[in-house]
2 protein chains.
Amino acid sequence: MRGVEIPEIRNIPLFEGMEDESFDLMLKSSYFQRFPPQVQLITEGDPPDFLHIVVDGAVELFAHSNNRETTLAILRPVATFILAAVLKDAVYLMSARTLEPSHVLMIPSENIRAAMVRDHRFSRQIVIELANCYRGVVRAQKSLKLRTGVERLANFLIRIDARGAGDGKVRLLEDKKKLAGLLGMTPENLSRAFGTLKKYGVEVDGNDITLTNLEDLKGLAKPNPLIDDRSI
Amino acid sequence: MRGVEIPEIRNIPLFEGMEDESFDLMLKSSYFQRFPPQVQLITEGDPPDFLHIVVDGAVELFAHSNNRETTLAILRPVATFILAAVLKDAVYLMSARTLEPSHVLMIPSENIRAAMVRDHRFSRQIVIELANCYRGVVRAQKSLKLRTGVERLANFLIRIDARGAGDGKVRLLEDKKKLAGLLGMTPENLSRAFGTLKKYGVEVDGNDITLTNLEDLKGLAKPNPLIDDRSI
DNA sequence: CCAATGCCTTGACATTTGTCAAAACGAGGG
DNA sequence: CCCTCGTTTTGACAAATGTCAAGGCATTGG
């Protein structure tokens with residue numbers, strides 16, 4: 001694949017400041033592919049061949065153990081995944097599947113490592129990206145261990161409202177089953193959690209949520225920038 | 001501080017292959033300090049001044065929210081902490097305190113960043129270290145979301161037995177309160193979990209545990225290398 | 001030796017969360 | 001338009017986990 005020709009890719013922040021030459025060399029034998037929904041892209045336990053980057057659509061990271069499955073993250077553009085496995089050249093700890101029709105860029109692991117040696121600016125960006133991933137998981141773990149299910153849901157709603165217009169009108173991008181998994185609860189419990197939040201001004205109409213009393217909701221949720229604010 | 005003189009530090013894997021010159025320059029204005037137990041080394045929300053490395057003793061990473069506190073990890077030599085915050089130059093997401101008398105090496109953040117630019121081998125080691133930290137948290141999160149409390153305890157015991165002599169004789173290094181926090185449960189529940197495991201050949205005598213029936217215990221725990229095996 | 005302290009355990013109970021089954025709802029295909 | 005399918009909600013119940021209070025046990029310091 002030639003890289004510089006596709007601005008959609010060239011303009012990804014991760015590649016910012018990269019030499020065109022390094023960039024093109026790295027994208028040799030890469031793929032920029034479109035997948036339908038529900039395609040499993042990688043499987044936990046497999047060795048890493050490619051760094052994956054979601055350029056369009058949505059990808060779920062999930063894991064199995066004991067016959068149970070859990071959603072660890074839902075990625076939307078532009079996001080990398082399995083970066084740590086690629087850098088360590090160690091097996092994947094998570095599986096990934098598309099949730100929507102998605103455009104995914106796949107760069108061979110060795111190309112990534114080679115580009116890091118060649119291009120110092122890129123190396124720096126990769127380190128920042130990895131650090132961001134790390135901090136994301138730490139936040140998720142704090143949320144899981146320090147909050148109840150209802151609190152996690154309340155904070156989730158406050159967060160996506162703030163990330164959007166902040167006008168209390170929120171649209172869920174994923175179905176409630178996935179959202180439940182992401183928040184660490186069953187779909188039945190998510191339903192009940194929404195029921196509990198009715199008293200705090202949360203009105204549910206399918207995937208459209210309206211927050212009519214943000215003060216009360218925040219009183220319950222007790223949002224904490226060190227968990228909820230992705231920008232720090 | 002001069003670095004090359006202290007082999008204890010010079011031989012840390014993270015610094016392997018580093019030029020003596022780079023190493024010495026990096027350790028300028030670093031501190032290698034001894035702390036008593038229960039000293040808080042860093043506080044979540046503070047900006048990162050130093051990369052910390054536990055060279056001796058034990059350090060707990062913990063976090064607060066809502067008046068609740070949880071233990072996120074217990075670090076033993078040799079381990080770095082708050083690496084991601086240092087690399088991003090972003091506030092700490094966790095606090096840290098010593099649990100035992102501990103020797104901690106503290107290297108100014110800028111020195112780390114400068115050494116990464118100067119010394120490519122070191123940069124590579126830092127990336128690997130960060131990737132390891134990331135994978136550690138991912139494992140912890142999988143454990144939390146896919147296992148019950150009893151299962152987490154059972155796997156913990158199997159893991160430290162395997163890491164030691166593998167003879168079924170296990171010694172808990174931390175008190176049960178901390179262990180409970182680490183495993184994501186209350187101390188009362190940990191007590192009960194040990195009670196449940198009695199049927200599976202787990203004998204408790206203070207901090208000395210004996211696993212008399214590893215087969216049965218594994219039948220309950222269903223250990224999974226993608227969660228429990230740190231070496232992959 | 002005793003008292004005091006802190007840790008751990010136990011019991012009783014409340015809350016949270018999960019499970020199973022059934023009903024309600026909604027989107028898409030004939 | 002109706003049927004079908006999968007999602008979502010609801011109810012009833014079970015299991016897991018947390019909370020509070022009390023007691024046991026070991027350690028420490030007088």
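Note on naming: letters A, B, ... go to the chains in the order of the sequence lines (proteins, then strands), and numbering restarts at 1 for each one.
- The interatomic distance linking E151(B) (CD) with dT17(C) (C1') rounds to 15 Å, in whole Å.
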Where protein sits on nucleotides 7-18 of chain D, one letter per nucleotide: B base, S sugar-phosphate only, - none, heavy atoms under 4.0 Å: SSBBBB----SB

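- Residue R76(B) is tested with V54(B), V59(B), L99(B), L173(B) for a side-chain contact (heavy atoms from CB on, under 4.5 Å); the sole match is L173(B).
- Protein atom CG of L144(B) is 14 Å distant from nucleotide atom P of dT17(C), rounded to whole Å.
- Within a 6.0 Å radius of CZ in R34(B), other residues, nucleotides and ligands contribute more than 12 heavy atoms.
- Enclosure of atom CG in D167(A) by more than 12 non-hydrogen atoms of other residues, nucleotides or ligands within 6.0 angstrom is indicated.
- Within the cation-pi definition used here (under 6.0 Å to the ring centroid, within 45° of the axis), R10(A) does not qualify as a partner of F15(A).
- Test R147(A), R139(A), K218(A) against D228(A) for salt bridge (charged side-chain N to carboxylate O under 4.0 Å, His left out) and you get one pass: R147(A).
- A salt bridge is defined here as a Lys NZ or Arg NE, NH1 or NH2 lying under 4.0 Å from an Asp or Glu carboxylate O, and E151(A) with R68(B) meets this definition.
- Rounded to an integer number of Å, the gap from L183(A) CG to dG18(C) P is 11 Å.
- In this structure, the separation between NE2 on H64(B) and CD on E69(B) is 4.0 Å, given to the nearest 0.5 Å.
- Taking five base pairs at each end of the helix from dC1(C)-dG30(D) to dG30(C)-dC1(D), the local helix axes there meet at an angle of 30°, rounded to 10°.
- Within a 6.0 Å sphere centred on CG of N11(A), other residues, nucleotides and ligands contribute more than 12 heavy atoms.
- Separating the CZ atom of R68(A) from the C1' atom of dT17(C) is a distance of 13 Å, rounded to the nearest angstrom.
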